[in-house]
Protein chains: 2
Amino acid sequence: MRSKGFEGMACSIAAVMGAIGDRWGMLIMRDLLLGIRRYDDLRQSSGVTNTTLSDRLKLLEENGLVERRRYQTRPERFEYQPTGRGRDLGLLMQAMVQIGDQWNLSNLEGPPLDFMDRRTGQGVKLITVNRETSGPVERDHLGVRPGRGADALMTWRLSRGSERAESSAVRSGQSQGADYPAVRDDHSSARSP
Amino acid sequence: MRSKGFEGMACSIAAVMGAIGDRWGMLIMRDLLLGIRRYDDLRQSSGVTNTTLSDRLKLLEENGLVERRRYQTRPERFEYQPTGRGRDLGLLMQAMVQIGDQWNLSNLEGPPLDFMDRRTGQGVKLITVNRETSGPVERDHLGVRPGRGADALMTWRLSRGSERAESSAVRSGQSQGADYPAVRDDHSSARSP
DNA sequence: TGACTAAGTCTTATTATGAGAGTTATCTGC
DNA sequence: GCAGATAACTCTCATAATAAGACTTAGTCA
């Protein structure tokens with residue numbers, strides 16, 4: 001059974017994960033964004049099996065992240081390239097590289113992949129800034145609130161999240177609250193989903 | 001069969017995806033970062049089944065992203081909270097929200113989740129900046145190169161990526177090259193993996 | 001001729017998943 | 001004092017997905 005309900009979820013995180021499919025989908029998108037175009041190259045680069053690669057490419061195409069294009073006839077040969085939407089996932093890739101490099105799970109002597117400014121050759125990183133002023137915002141100051149597209153479940157999730165952070169968890173002095181404390185909306189209620 | 005070789009890959013993207021496990025793992029991390037702590041709340045919030053939630057929580061704990069803590073005895077009750085490493089995934093969450101909001105696959109009238117600066121209440125976003133000067137870097141100027149932790153496969157991947165971008169693909173005038181064009185290293189070669 | 005390339009499909013055994021029932025220990029309301 | 005609720009799971013079963021790798025098709029290369 002592939003999925004249960006990633007489609008109807010009012011959550012951008014679920015939407016993005018649903019579109020990518022799984023970690024194989026993500027590795028394939030990584031390779032495409034790095035410029036790999038051919039089926040066999042994708043297979044060798046990611047180490048995925050034929051069955052899964054074939055399936056994921058179809059899925060990514062259906063989800064509008066990848067375009068399949070015939071680059072020669074007789075025999076027919078196809079290549080795959082990211083669409084505009086697929087290219088948006090570059091941000092995700094940067095975030096993963098930044099986090100993974102920090103963790104360094106494989107105990108490497110440096111990052112495997114180094115993002116940089118092509119003009120200057122200098123390294124780059126992702127930071128959080130104010131949407132209007134572009135001034136930097138520290139992680140400790142970040143919060144979250146239901147947006148206009150939030151449904152009852154999202155509202156419940158956020159209020160439940162801040163609830164726990166203030167009751168048993170904090171009383172015991174051991175547990176920490178939400179990493180992105182919810183800022184309560186006027187119309188937020190804590191009904192069960 | 002769960003996975004083939006996500007462990008030995010010299011790639012931060014694979015490392016992060018491997019640690020999260022799959023999209024259910026990501027939804028669980030989302031909920032934990034929003035402050036949800038209890039098993040039943042996680043289940044209701046994410047819509048995951050018991051079997052999968054139980055399995056994923058163990059996996060996330062093994063991977064050091066989540067900590068299981070007894071908050072009461074008789075009867076024993078446990079809660080789950082993100083570790084420091086788990087908290088790093090907040091950046092990933094922000095990236096997904098930013099991308100998913102842009103796509104708006106569910107045709108909502110606004111974002112479901114709104115990240116902001118708690119001090120001012122103003123919205124925030126992720127941008128790419130120079131690692132030293134903190135000056136903004138445009139997407140079109142981004143490139144990539146093998147870092148010190150790159151293995152033969154990563155080097156091959158990057159050189160193959162820029163190869164395709166310059167040969168058949170561009171010759172035909174239809175295909176575009178890598179979104180993050182590789183900057184060639186002096187010691188990069190194009191041997192097969 | 002034989003080897004090789006590219007882009008897959010097909011087969012089989014193993015593993016994961018969804019749905020939901022069952023379990024254990026305790027607390028709450030009446 | 002006992003039905004029902006709560007919390008955090010485990011168990012079962014039918015179905016779906018996966019890994020490994022053999023096979024296919026239509027050419028090119030030496």
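Numbers restart at 1 for each chain; the letters A, B, ... are given by sequence-line order, proteins then strands. The structure presented is a predicted model; accordingly, all values stated were derived computationally and were not measured.
Between A:Leu53 atom CG and C:dA7 atom P there is a gap of 10 Å when expressed in whole angstrom units. The nearest whole Å value for the distance from the CD1 atom in A:Ile28 to the P atom in C:dG8 is 12 Å. Rounded to whole Å, atom C1' of C:dA6 lies 11 Å from atom CD of A:Gln44. The CG-P distance, from B:Asp22 to D:dT18, rounds to 11 Å in whole Å. Atom CZ in B:Arg70 sits about 12 Å away from atom P in D:dC9, given to the nearest Å. Atom-to-atom, CZ of B:Arg23 to P of D:dA17 comes out at 10 Å; the value is rounded to the nearest Å. At whole-Å resolution of the value, CZ in B:Arg38 and P in D:dC9 are 12 Å apart. Look at CG on B:Asp40: it is 9 Å from C1' on D:dC9, rounded to the nearest Å.
Remark: aromatic rings of A:Tyr80 and A:Tyr39 are distant, center separation not under 6.0 Å.
Side-chain contact of B:Asp117 with B:Gln122: a donor-acceptor pair under 3.5 Å is absent, judged by distance alone.
In terms of phosphate contacts, B:Trp24 brings a side-chain nitrogen or oxygen within less than 4.0 Å of OP1 or OP2 of C:dG18. Between A:Arg37 and C:dA6, a side-chain N or O to OP1/OP2 separation shorter than 4.0 Å is absent. Side-chain N/O atoms of B:Arg43 include none lying less than 4.0 angstrom from OP1 or OP2 on D:dT6. Checking the phosphate oxygens (OP1, OP2) of D:dT10, no side-chain nitrogen or oxygen of B:Tyr39 falls inside 4.0 Å. For D:dA7, the OP1/OP2 oxygens have no side-chain nitrogen or oxygen of B:Tyr80 closer than 4.0 Å.
Using a 4.0 Å heavy-atom criterion, one finds that B:Phe78 contacts the sugar-phosphate atoms exclusively. Here A:Arg74 lies in heavy-atom contact (under 4.0 Å) with sugar-phosphate atoms only. In this structure, B:Thr51 reaches the bases: a heavy-atom distance under 4.0 Å links it to at least one base atom across the strands shown.
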field: Residue pair B:Leu53, B:Trp24: steps toward the side-chain contact (heavy atoms from CB on, under 4.5 Å) verdict
entry: CA-CA 8 Å; B:Leu53 176 57; B:Trp24 292 117; over 6 Å; no
message: Is there a side chain to side chain donor-acceptor pair (under 3.5 Å) between A:Tyr71 and A:Arg38? Walk through the geometry before answering.
response: CA-CA 10 Å; A:Tyr71 68 89; A:Arg38 305 284 175 84; 3.1 Å; yes
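In summary, B:Arg131 and A:Asp114 engage in a salt bridge, as defined by a charged side-chain N under 4.0 Å from a carboxylate O.
At least one cation-pi condition fails for B:Arg69 and B:Phe78: the charged atom is not both under 6.0 angstrom from the six-membered ring centre and inside a 45 degree cone around its axis.
Among C:dT9, C:dT11, D:dA8, the nucleotide with an atom closest to any side-chain atom of A:Lys58 is C:dT9. In the set D:dC9, D:dA8, C:dT26, D:dC9 carries the atom at the smallest distance from any side-chain atom of B:Arg68. Checking D:dT10, C:dG18, C:dT5 against the side-chain heavy atoms of A:Arg77 singles out C:dT5 as nearest. You'll find that the side chain of B:Asn50 is closest to D:dT10, out of D:dT10, D:dA19, D:dA7. For B:Ser54, whose side chain is taken as the heavy atoms from C-beta onward, the closest listed nucleotide among D:dG21, D:dC9, D:dG27 is D:dC9.
Donor-acceptor pairing under 3.5 Å, judged by distance alone, is absent between the side chain of B:Asp55 and the base of C:dT17.
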